[in-house]
Amino acid sequence: MRIEQEMIRVQNLKKSFGSQEVLKDVNLTVKKGEVAVLIGASGSGKSTLIRCINFLEIKDGGEVFIEGKSIDPKKDDLTQVRQKVGMVFQHFNLFPHKTVLENIMEAPLVVRKPNKEELKREAIELLKKVGLEEKADVYPASLSGGQKQRVAIARSLAMKPEIMLFDEPTSALDPELVGEVLETMKQLAKEGMTMIIVTHEMGFAKDVADYVAFMNQGRIIELAPPHEIFNNPKEERTREFLNRVL
Ligand code: ADP
Ligand code: MG
């Protein structure tokens with residue numbers, strides 16, 4: 001049976017920076033286990049949209065529902081929301097003076113306050129999951145970019161999020177390191193993680209996305225399963241964008 005629980009709903013979302021309207025009326029729903037890929041030109045609002053979903057940016061209008069609950073950034077505990085909604089950025093921002101294992105344990109130690117031994121076991125499991133078990137005790141400086149990003153993914157998973165947001169997780173990587181990070185994300189998708197992924201990796205989107213949302217100047221102007229978006233886009237602007245990037 002297909003689970004239809006709604007994990008994220010963005011409704012009439014608006015966000016401006018100064019006089020610039022960056023999100024103009026965005027609607028998006030992601031159900032449990034679905035993978036939504038966001039594509040669009042630079043400056044179209046992709047990062048702002050996902051940052052509004054975990055309240056790194058605060059919306060000016062509209063609603064953000066997490067697991068069916070409308071979140072009010074003035075009243076609700078945003079730390080709790082961000083625990084549910086993990087995020088991985090283009091730049092990994094690992095703590096340089098902490099080992100890989102310590103990086104993964106840091107946030108749950110502070111926020112979840114569990115038993116330290118148990119937490120360590122969990123962290124090692126997560127390292128296995130991202131294929132870096134043997135790197136537990138090294139410092140980030142000795143890792144490749146792809147390995148750092150996989151540690152960043154493990155670190156985010158350590159908070160046991162229900163939803164994962166990715167903002168161009170492979171854009172800063174040398175081309176030969178992109179595949180290993182995409183593979184890790186693909187594995188997460190297979191395990192049923194609910195995800196919103198901003199990426200320019202169209203092959204990955206074709207393989208993994210349940211649907212692809214094309215953003216243009218602050219709006220999602222086309223949303224469809226990948227085979228439709230890539231083979232038969234309805235909007236001229238989607239077609240133009242894809243012609244440029246494919
Ligand atoms: P994308 O991720 O699609 O490239 P962004 O969401 O980063 O787009 O940016 C959309 C627009 O909002 C851009 O014009 C960008 O310059 C502007 N913008 C983003 N963040 C800020 C900010 N913190 N302050 C001012 N302008 C911003
Ligand atoms: Mg961006």
Side-chain angles (χ1 to χ4, degrees), residues 8-30 35-64 66 71 73-74 78 81-82 85-94 145-146 148-149 152-153 156 161 163-175 177-178 181-182 185 195-206 208-209 211-224 226 229-230 233 235-246:
I8 297 173
R9 181 149 52 98
V10 167
Q11 214 171 286
N12 305 115
L13 190 69
K14 293 180 182 55
K15 175 71 184 173
S16 296
F17 293 111
S19 61
Q20 187 193 3
E21 272 188 285
V22 172
L23 299 177
K24 291 175 187 163
D25 216 353
V26 176
N27 293 285
L28 182 69
T29 301
V30 184
V35 177
V37 166
L38 265 183
I39 62 173
S42 176
S44 57
K46 305 180 298 297
S47 294
T48 305
L49 171 56
I50 64 171
R51 290 168 63 84
C52 282
I53 292 173
N54 79 343
F55 297 88
L56 290 173
E57 301 286 356
I58 303 300
K59 63 193 164 66
D60 297 325
E63 305 269 357
V64 177
I66 306 291
I71 305 297
K74 291 205 185 74
L78 295 184
V81 173
R82 292 190 195 111
V85 187
M87 183 147 173
V88 173
F89 302 88
Q90 184 172 349
H91 296 284
F92 351 93
N93 304 319
L94 299 175
K148 283 180 194 163
Q149 192 59 299
I153 293 171
S156 195
I163 297 157
M164 286 285 285
L165 310 175
F166 292 86
D167 194 358
E168 300 198 30
T170 61
S171 294
L173 300 177
D174 291 336
L177 303 177
V178 167
V181 174
L182 296 180
M185 292 160 66
M195 309 201 271
I196 301 180
I197 304 169
V198 178
T199 186
H200 297 293
E201 297 290 335
M202 299 299 162
F204 172 81
K206 275 180 203 168
V208 177
Y211 51 88
V212 176
F214 173 62
M215 277 197 87
N216 185 260
Q217 297 182 0
R219 294 178 207 277
I220 292 174
I221 63 167
E222 187 160 2
L223 183 130
I229 284 266
F230 293 117
E235 294 287 331
E236 183 56 30
R237 283 168 295 183
T238 315
R239 230 169 288 147
E240 280 168 18
F241 173 77
L242 290 173
N243 283 338
R244 270 186 284 132
V245 299
L246 286 178

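Heavy-atom basis, side chains included; hydrogens, waters and symmetry copies ignored. One-based numbering, in listed order, for ligands and for the atoms of each. Note that the structure is a prediction, hence the values are computed from the model and not measured.
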*Asks:* Could you check atom 12 (O) of ligand 1 against the protein and tell me its nearest heavy-atom contact, residue, atom and distance included?
*Replies:*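 Residue, atom and distance for the closest contact: V22 CG2, 3.1 Å.
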
*Asks:* Under a 3.5 Å distance rule, please check whether D60 uses its side chain to pair with a backbone N or O of S16 as donor and acceptor.
*Replies:*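 Confirmed, D60 side chain pairs with S16 backbone.
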
*Asks:* Got an N, O or S from T48 under 2.8 Å of the Mg ion (ligand 2)?
*Replies:*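 No, T48 does not qualify, because none of its backbone or side-chain N, O or S atoms lies under 2.8 Å.
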
*Asks:* Can you list the atoms of ligand 1 that are under 4.0 Å from a heavy atom of S42?
*Replies:*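 Once the distances to S42 are compared, the set is 4 (O).
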
*Asks:* Please determine whether side-chain contact (heavy atoms from CB on, under 4.5 Å) holds for the pair I196 and F166, giving the CA-CA distance in whole Å, both sets of side-chain angles, and the decisive distance to 0.1 Å.
*Replies:* CA-CA 6 Å; I196 301 180; F166 292 86; over 6 Å; no

*Asks:* Between D25 and R219, is the closest basic N to carboxylate O distance under 4.0 Å?
*Replies:*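 Between D25 and R219 there is no salt bridge, as every charged N stays at least 4.0 Å from the carboxylate O atoms.
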
*Asks:* Taking the side chain from K46 and the backbone from A41, do they hold a donor-acceptor pair closer than 3.5 Å?
*Replies:*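 At least one qualifying donor-acceptor pair exists.
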
*Asks:* What about G45: any of its N or O atoms under 3.5 Å from an N or O on ligand 1?
*Replies:*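 For ligand 1, there is an N or O atom that lies under 3.5 Å from one belonging to G45.
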
*Asks:* Do any heavy atoms of A41 fall under 4.0 Å from ligand 1?
*Replies:*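 For ligand 1, residue contact (heavy atoms, under 4.0 Å) with A41 is present.
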
*Asks:* Tell me yes or no: between the side chains of S47 and D167, is some donor less than 3.5 Å from an acceptor?
*Replies:*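 Checked: S47/D167 side chains pair up, N/O donor to acceptor below 3.5 Å.
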
*Asks:* Do you see a donor-acceptor pair shorter than 3.5 Å between the side chains of T238 and E222?
*Replies:*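 Their side chains do contain a donor-acceptor pair, which is all the 3.5 Å distance test asks for.
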
*Asks:* Hey, is the main chain of I197 close enough, under 3.5 Å, to the side chain of E168 for a donor-acceptor pair?
*Replies:*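 Looks like no, no N/O pair under 3.5 Å.
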
*Asks:* May I ask you to identify the nearest protein heavy atom to atom 5 (P) of ligand 1, giving residue, atom name and distance to one decimal place in Å?
*Replies:*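 Its nearest protein heavy-atom neighbour is T48 OG1, 3.6 Å.
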
*Asks:* Could you work out, for atom 17 (C) of ligand 1, the closest of E21, M215, Q20 by heavy-atom distance?
*Replies:*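 Checking each option, the heavy atom nearest atom 17 (C) of ligand 1 is found in Q20.
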
*Asks:* List the closest protein heavy-atom neighbour of atom 3 (O) of ligand 1: residue, atom name, distance to the nearest 0.1 Å.
*Replies:*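 The closest one turns out to be K46 NZ, 2.8 Å.
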
*Asks:* Do any non-hydrogen protein atoms sit less than 4.0 Å from atom 15 (C) of ligand 1?
*Replies:*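 Answer no: nothing from the protein, no heavy atom, is under 4.0 Å.
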
*Asks:* Just to confirm my output: which protein heavy-atom neighbour is closest to atom 20 (N) of ligand 1, and how far is it?
*Replies:*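 That would be F17 CE1, 3.3 Å.
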
*Asks:* P169 and side-chain contact (heavy atoms from CB on, under 4.5 Å): which single residue from M185, E201, Q90 fits?
*Replies:*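 For P169, the side-chain contact (heavy atoms from CB on, under 4.5 Å) test succeeds with only one of M185, E201, Q90, which is M185.
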
*Asks:* If I apply the N/O under 3.5 Å rule, does G43 come out as touching ligand 1?
*Replies:*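 Right, the criterion is met.
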
*Asks:* Run the salt-bridge test on R239 and E236 with the 4.0 Å N-O cut-off and return the result as yes or no.
*Replies:*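 Here R239 pairs with E236 in a salt bridge, since their nearest N and O are under 4.0 Å apart.
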
*Asks:* Which protein non-hydrogen atom lies closest to atom 7 (O) of ligand 1, naming both residue and atom, and how far is it?
*Replies:*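 Checking every protein heavy atom, the shortest distance to atom 7 (O) of ligand 1 gives S47 CB, 3.6 Å.
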
*Asks:* Would you call S44 a ligand 1 contact, heavy-atom distance under 4.0 Å?
*Replies:*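 Contact check S44 vs ligand 1: positive.
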
